[in-house]
Number of protein chains: 2
Amino acid sequence: MDLSPGTLDTLFQALADPTRRTMLERLAKGPASVSDLAAPLEMTLPAALDHVRRLEAAGLVATEKQGRVRIARLVAARYAPVTTWLDAQRAMWEARLDRFERFAVRQRDANTESKDTRDD
Amino acid sequence: MDLSPGTLDTLFQALADPTRRTMLERLAKGPASVSDLAAPLEMTLPAALDHVRRLEAAGLVATEKQGRVRIARLVAARYAPVTTWLDAQRAMWEARLDRFERFAVRQRDANTESKDTRDD
DNA sequence: GTGTTACTTAAGCCCTGACTTAACTATTGG
DNA sequence: CCAATAGTTAAGTCAGGGCTTAAGTAACAC
């Protein structure tokens with residue numbers, strides 16, 4: 001598994017945890033401290049920090065220390081590889097459907113050939 | 001973690017493994033047997049079968065036994081929760097950007113008030 | 001300067017994930 | 001029937017994930 005930031009592996013893995021998705025949802029509304037993120041999650045600070053670090057490692061989040069508090073903010077642009085992959089999947093699937101449809105039409109035409117002239 | 005099929009948890013987790021993504025890419029082109037899927041991955045059959053099972057548990061794939069071979073096919077529609085979540089994230093992010101922009105414009109107008117009358 | 005706050009590190013625990021080999025079972029082709 | 005094929009189950013290894021508590025450290029607030 002490639003664990004460099006911004007890869008599909010790290011991104012999907014970062015998104016696979018509900019706690020981290022909750023954090024991302026929170027951060028989409030604006031920056032927050034680690035405590036802010038931990039509070040609604042009923043979780044100790046070390047655990048929350050670990051998740052933040054993981055999001056940061058994935059490249060989805062950037063953090064900055066201001067005095068004694070660490071502020072995290074979303075880097076939304078980094079979802080790109082994920083959406084790109086999903087789009088590519090959809091494209092492949094649709095290409096296949098198209099091929100299948102042409103095949104089905106050919107079959108139908110072969111079956112109904114010179115029987116009638118359809119216009120549906 | 002909710003492990004029922006079709007949930008964000010199971011979907012993202014299923015997608016987090018490169019082996020499984022490769023399988024999905026292959027299946028987007030059409031159905032395949034477990035051996036077909038295992039072959040290019042340099043992996044024993046039990047391991048491949050395990051991945052197929054996991055994709056099936058996530059709801060992304062359906063399988064059917066034909067004689068002694070198990071055929072897997074993609075159920076592309078099941079990506080929906082993932083794309084929906086990503087779209088929602090983007091929407092939240094953009095709503096925030098809009099608010100920020102309005103704020104910035106207000107600041108600019110406050111700063112330049114009665115200095116000039118802009119028309120950009 | 002002393003206590004509180006906000007993180008940080010370290011250690012450890014338990015469970016799951018991704019494999020492997022070995023030993024079946026169920027088809028199928030000669 | 002018999003051997004090869006395709007999958008399946010069982011068992012075990014090994015690494016990592018998600019948490020905890022306990023013990024720091026650094027910045028503030030008085």
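Note that these values count all heavy atoms, side chains included, but never hydrogens, waters or copies made by symmetry. By convention in this document, chain letters (A, B, ...) are assigned in the order of the sequence lines, proteins followed by strands, and residues within each chain are numbered from 1. Keep in mind it's a predicted model, so treat the numbers as computed, not measured.
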* B:R70 side chain near D:dT8 phosphate (N/O to OP1/OP2, under 4.0 Å) -> yes

* **A:E42, CD atom: more than 12 neighbouring heavy atoms under 6.0 Å** => no

* Is the shortest distance from a Lys or Arg side-chain nitrogen in A:D87 or A:R90 to a carboxylate oxygen in the other one below 4.0 Å? -> yes

* To do: Calculate the interatomic distance between A:D9 atom CG and D:dG16 atom P; express it in whole Å.
  => 14 Å

* Closer than 4.0 Å, any side-chain N/O of B:T19 to the OP1 or OP2 of C:dC19? -> yes

* Length of the line joining B:D50:CG and C:dT21:C1', which is rounded to integer Å -> 15 Å

* For A:D17, report the nucleic acid contact type (base, sugar-phosphate, nothing); a contact means any heavy atom under 4.0 Å. => sugar-phosphate

* Rounded to whole angstrom units, what separation is found between the CG atom of B:L49 and the P atom of C:dA23? -> 20 Å

* Asked: Taking the nucleotide of DNA chain D with the closest heavy atom to each, which residue, A:Q13 or B:D36, is nearer the 5' end?
  -> B:D36

* **Separation of atom CD in B:Q66 from atom P in C:dT28, rounded to whole Å** => 10 Å

* **B:H51 vs C:dC19: side-chain N/O to OP1/OP2 distance below 4.0 Å** => yes

* Structure fact -> In whole angstroms, the gap separating P of D:dT21 from CE of A:M43 amounts to 12 Å

* Asked: A:E42 CD to D:dC19 C1': how many Å, rounded?
  -> 14 Å

* Greater than 12 external heavy atoms within 6.0 Å of B:R78's CZ -> no

* Given atom CZ of A:R53 and atom C1' of D:dG17, what is their separation to the nearest angstrom? -> 16 Å

* To do: State plainly whether the residues A:R54 and A:D17 are in salt-bridge range, i.e. N to O under 4.0 Å.
  => no

* Asked: Phosphate oxygens OP1/OP2 of D:dA6: is one of them under 4.0 Å from a side-chain N or O of B:K65?
  -> no

* To do: Ignoring backbone atoms, test whether B:R54 places a side-chain nitrogen or oxygen under 4.0 Å from the OP1 or OP2 oxygen of C:dA18.
  => yes

* Asked: In terms of side-chain heavy atoms of B:T44, which of C:dT20, D:dT20, D:dT9 is nearest?
  -> C:dT20

* Quick one: list whatever passes side chain to side chain donor-acceptor pair (under 3.5 Å) with B:T10, sequence neighbours left out. => B:T7

* Asked: Taking for each residue the nucleotide of DNA chain D bearing the nearest heavy atom, is the 5' side occupied by A:P46 or by A:R20?
  -> A:R20

* Does OP1 or OP2 of C:dT4 have a side-chain N or O of A:R68 closer than 4.0 Å? -> no

